[in-house]
There are 2 protein chains.
Amino acid sequence: MIAVTRDEPDKKIAQGALGSRPLYAQVRDLLIARISSGAWQPGDLIPNEFAIARELGVSQGTIRKALDSLAADNLLMRKQGRGTYVARHTPADMLFRFFNFFDAKGERIEPGSRDVQLSQGRASTPERQRLELGAAAKVIRISRLRTRAGEAFILETIVLPETFFPGLAQASRIPNTLYDHFQKAYGITVARGQERLTVALADVHLADRLGVVPGTPLMKLDRVMYGLQQQPVEWRVSLCRTDSAAYVVELR
Amino acid sequence: MIAVTRDEPDKKIAQGALGSRPLYAQVRDLLIARISSGAWQPGDLIPNEFAIARELGVSQGTIRKALDSLAADNLLMRKQGRGTYVARHTPADMLFRFFNFFDAKGERIEPGSRDVQLSQGRASTPERQRLELGAAAKVIRISRLRTRAGEAFILETIVLPETFFPGLAQASRIPNTLYDHFQKAYGITVARGQERLTVALADVHLADRLGVVPGTPLMKLDRVMYGLQQQPVEWRVSLCRTDSAAYVVELR
DNA sequence: GAGTGGTCTAGACCACCCT
DNA sequence: GGGTGGTCTAGACCACTCT
């Protein structure tokens, strides 16, 4: 049995302070910072509950509440008898967590991308509204064609606040899995968002890019994604073919 | 302060038994039974944590874990300083919890319904697959036109296993808010489900029913809903206009 | 002020996994 | 056998709500 002799309180967390956020929420933020800073890498086994509790000067139950909440959000993976691991964002199903297209067999589609184009400029009025930016703000624009088994599938337009992604506009290559890249290269974790789905008809230009006949009905996704501090980090509009693919929603 | 004198253990839950499910999960099931049996009605204030703990002979922390899990599933609503309530399916935003269409202002659309038609018969092959029914099973079919501000909006086809809804096919009137009716009249709580979204073009017949020109692109929703015991209780196909309405998804 | 849920702590035992 | 997370208990204090 471990004699829980607390040598020193180490880095104490704001405790008992009036109006402060709950301890477990502060622990959660601190652990999120360790993950997004790269101190804890995806796949790493992190210290056990008692070790973290001792280090932070709080009880094991509080650590557990934070860990459970992170596991529920898919940032950690817990295995009884083994330990707690930082979730790999590399396995396909995690990389495409916010990608809701499935094929007829119920398998998640894992798109590729090509024809990537980058540009930069002052934010337009709708861009400023969606991304909650000031009047003079600059944005980076990415357009690309997403593919499925090599075939055109989705035409995407992505808008990013320039302040969060310095230098991205000059990048020579943009990875397929953008949110993973945001986290690794800019320390920005895309945590949640909202997507509005409507339908549209392919005009001549769209039809050409997507390899369909003009007049084909398409699904249009309009999404804004937010970071861990609830700041808008991306506005994305996607025009999708839905022949032999469906957008799947879990209702709870 | 309450003197926690435990008079009698009352109805003890299987405790310590080898291989038994966790206590909090058993408490959860028991509370679900109280809700779905109608012993606790939607809107009711349920006893506080200590009272339930005393009644069941377990600790308050265990009750809390069960209550928190039910609240996370939207079966209960907890309010600090007030108490724990059985979730109402009656307020508009609860009644239409699984209805994800929003208008341009971001308000949830609350549809009406008309032209309701009822029929009954042997389940077809796709119906048996979706609803996990045996070869000779019967189903009830409902079709209706859902309206928005009086105008045609969605054409719906609903299929229900006859065993769960005895006599429904002979009903003289079908309420607009079906899931609420299922709960009140048949004790079936629709708890979760899955919806597959694709796009389709309105043919002449559809266009006529929905008041659009033939060739208009529509959104097609194909959903299966499940009850508290994970049994399929409904298959529903909806064809929706999306002019000035969008299907909104929260990404987490 | 009384009652409620929300947070935090401390300690116990169990089931599972490794070596 | 030793370490891990999973469950359960018991008790304390806080924040919120109602009257």
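Small disclaimer: the values here were computed from a predicted structure and weren't measured. Below, chain A is the first sequence line, B the second, and so on; all start at residue 1.
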* Asked: Quick one: A/Y85 OH to C/dC17 P, roughly how many Å, whole number?
  -> 11 Å

Taking only N/O atoms, report every protein-nucleotides 17-19 of chain D pair under 3.5 Å with atom names and distance.
unit_1, atom_1, unit_2, atom_2, d
D/dC18, OP1, B/R82, NE, 3.3

* Structure fact -> Sorted by chain and residue number, the ring-ring contact (aromatic ring centres under 6.0 Å, His included) partners of B/Y247 (sequence neighbours excluded) come out as B/F101

* **Side chain of A/N48 (C-beta onward), nearest among C/dC8, C/dG6, D/dT4** => D/dT4

* Asked: Does some side-chain heavy atom of A/L197 sit less than 4.5 Å from a side-chain heavy atom of B/M219?
  -> yes

* To do: Please report, rounded to the nearest Å, how far the P atom of C/dG3 is from the CZ atom of B/F50.
  => 13 Å

* To do: Would you mind checking if A/E55 and A/R34 are paired as a salt bridge, meaning a charged N to carboxylate O distance below 4.0 Å?
  => yes

* Quickly work out the B/K65 NZ to D/dC8 C1' distance and round it to whole Å. => 9 Å

* To do: Mind calculating the distance between CD (A/E49) and C1' (C/dA10) to the nearest angstrom?
  => 14 Å

* Interatomic distance where CG belongs to A/L23 and P belongs to C/dA10 [whole Å] -> 12 Å

* Nearest-neighbour nucleotide for the A/R78 side chain, C/dC8, D/dG5, D/dC8 considered -> D/dG5

* **Partner residues of B/P166 under the side chain to side chain contact (heavy atoms under 4.5 Å, CB included) criterion, sequence neighbours left out** => B/Y186

* Asked: Roughly how many Å is it from CD1 in A/I63 to P in C/dG11, rounded to a whole number?
  -> 16 Å

* Whole-Å distance between D/dT9 C1' and B/L56 CG? -> 15 Å

* Asked: With respect to the side chain of A/S59, which nucleotide from D/dC8, D/dG5, C/dA10 is positioned closest?
  -> C/dA10

* Given C/dT4, is OP1 or OP2 found less than 4.0 Å from the side-chain N or O atoms of B/T84? -> no

* Spacing of B/Q60 atom CD relative to C/dG6 atom P, expressed in whole Å -> 10 Å

* **Partner set under side chain to side chain contact (heavy atoms under 4.5 Å, CB included) for A/Q41, not counting sequence neighbours** => A/D44

* Structure fact -> Contacts of B/D68 meeting side chain to side chain contact (heavy atoms under 4.5 Å, CB included) (sequence neighbours excluded), chain-then-number -> B/R64, B/R78

* Structure fact -> Residues at least two apart in sequence or cross-chain that pass side chain to side chain contact (heavy atoms under 4.5 Å, CB included) with A/P232, listed by chain then number, are A/L131, A/E132, A/V224, A/Y226

